[in-house]
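Note that these values count all heavy atoms, side chains included, but never hydrogens, waters or copies made by symmetry.
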Amino acid sequence: MTAAAKPDEQYMREALKEAEHALASNDRPIGAVILHQGRVIARAHHQVRLLRDPTAHAAIIAITQAANALQSDQLPEAVVYVTQEPCAMCVGALLLSGVARVVFGATDPKRGACGSVVDLTGNERLNRRLVVVRDVLAGECHALLRKATTSAQA
């Protein structure tokens with residue numbers, strides 16, 4: 001395990017706590033945490049059903065919080081931890097906000113835009129790139145998503 005893996009796991013556990021909040025609200029259990037200069041500046045969870053807003057993804061809400069915390073529309077030193085691979089909308093927002101790095105847990109074979117369905121993070125036609133770290137605590141992230149599926153079927 002690399003030295004960077006330990007902090008990545010620590011902050012992914014924080015994102016998993018946020019995902020638990022979404023599950024408790026009967027929403028898709030996805031959580032996000034944004035770190036800036038060693039400090040958590042944003043925490044959010046999926047609120048699509050709660051807000052009846054298809055754009056209320058955890059990463060989008062966290063980006064808004066982080067921008068407000070820094071009073072800037074750019075987050076160049078920020079690291080985003082999200083429990084599931086971001087979709088195209090979220091990757092677009094991450095690229096536009098200029099975050100340095102995104103770390104995710106579970107892959108998303110239906111909507112993932114960091115390589116599962118499409119890879120927008122390294123597209124040479126775009127003016128920005130994102131460093132991506134995949135599969136951090138993937139087992140725990142997938143288990144939480146399965147728990148939500150099982151609960152919905154019960």
Nearest-0.5 Å distance that lies between atom CG in Leu120 and atom SG in Cys87: 9.5 Å
Please give me the minimum heavy-atom distance between Gln74 and Leu96, naming the atom from each residue. NE2-O, 2.9 Å
Give the cluster check for Tyr11 versus Leu144: same hydrophobic cluster or not, with ILVMFWY residues linked at side-chain heavy-atom distances below 4.5 Å. yes
Does Ser116 reach the main-chain N or O of Thr107 with its side chain, forming a donor-acceptor pair under 3.5 Å? no
With a 4.5 Å cut-off on side-chain heavy atoms, are Arg28 and Leu145 touching? yes
Does any non-hydrogen side-chain atom of Gln65 lie less than 4.5 Å from one of Ile41? no
Heavy atoms only: give me the nearest Pro29-Leu23 pair and the separation to one decimal. CB-CB, 4.0 Å
Between Ala56 and Leu51 the two heavy atoms that sit nearest each other are CB-CD1, 4.0 Å
Distance-only, no hydrogens or angles: does the Arg43 side chain make a donor-acceptor pair with backbone N or O of Val33 under 3.5 Å? no
Is any side-chain heavy atom of Val40 closer than 4.5 Å to one of Ile34? no
By the salt bridge (Lys or Arg N to Asp or Glu O under 4.0 Å) test, which pairs, at least two apart or in different chains, include something from residues 68-92? none
According to a 4.5 Å side-chain heavy-atom criterion applied to Ile, Leu, Val, Met, Phe, Trp and Tyr, with indirect links allowed, do Val131 and Leu126 form part of one hydrophobic cluster? no
Would Val48 end up clustered with Ile60 when hydrophobic side chains under 4.5 Å apart are linked, directly or stepwise? no
Is any side-chain N of the basic residue among Lys17 and Glu14 closer than 4.0 Å to the acidic one's carboxylate O? yes
With sequence neighbours left out, the residues meeting side-chain hydrogen bond (donor to acceptor under 3.5 Å, both in side chains) with Asp27 are none
Are side-chain heavy atoms of Val136 and Phe104 found at a separation under 4.5 Å? no
State, yes or no, whether a side-chain contact exists between Val102 and Pro86 at a heavy-atom distance under 4.5 Å. yes
How close do Ala19 and Gly31 get, heavy atom to heavy atom, and via which atoms? CB-N, 3.5 Å
Within one Ile-Leu-Val-Met-Phe-Trp-Tyr cluster: Leu16 and Val133, side-chain cutoff 4.5 Å: yes
Considering only heavy atoms from C-beta outward, does the side chain of Cys114 approach that of Val91 to under 4.5 Å? yes
Are the side chain of Gln84 and the backbone N or O of Asp108 linked by a donor-acceptor pair below 3.5 Å? no
So how far is it from Thr121 OG1 to Leu95 CG, rounded to the nearest 0.5 Å? 7.5 Å
Keeping Arg111 on the side-chain end and Ala88 on the backbone end, is there a donor-acceptor pair under 3.5 Å? no
Minimum heavy-atom separation for Gly105 to Ala138, with atom names? O-CB, 3.5 Å
Applying the 4.5 Å side-chain criterion to the ILVMFWY set and letting contacts propagate, would Leu94 and Met89 be lumped into a single cluster? no
Quick one: closest heavy-atom pair of Arg125 and Asn123, and the distance? N-OD1, 2.7 Å
Would you mind reporting whether Glu124 and Arg129 have side-chain heavy atoms less than 4.5 Å apart? yes
When rounded to the nearest 0.5 angstrom, what is the spacing between CZ in Arg13 and OH in Tyr81? 13.0 Å
Measuring from atom CE of Met12 to atom CG of Leu137, what distance do you get when rounded to the nearest 0.5 angstrom? 6.5 Å
Using 4.0 Å as the upper bound for N to carboxylate O, is an ion pair formed by Arg101 and Asp8? yes
Would Ile61 and Gln47 satisfy side-chain contact (heavy atoms from CB on, under 4.5 Å), going step by step from the backbone distance to the final call? CA-CA 9 Å; Ile61 295 168; Gln47 297 181 48; 3.7 Å; yes
Does the Arg49 side chain pair with the main chain of His46, one donor and one acceptor, at a distance under 3.5 Å? no
Taking the side chain as every heavy atom from C-beta outward, state whether Val79 and Val103 have any atom pair closer than 4.5 Å. yes
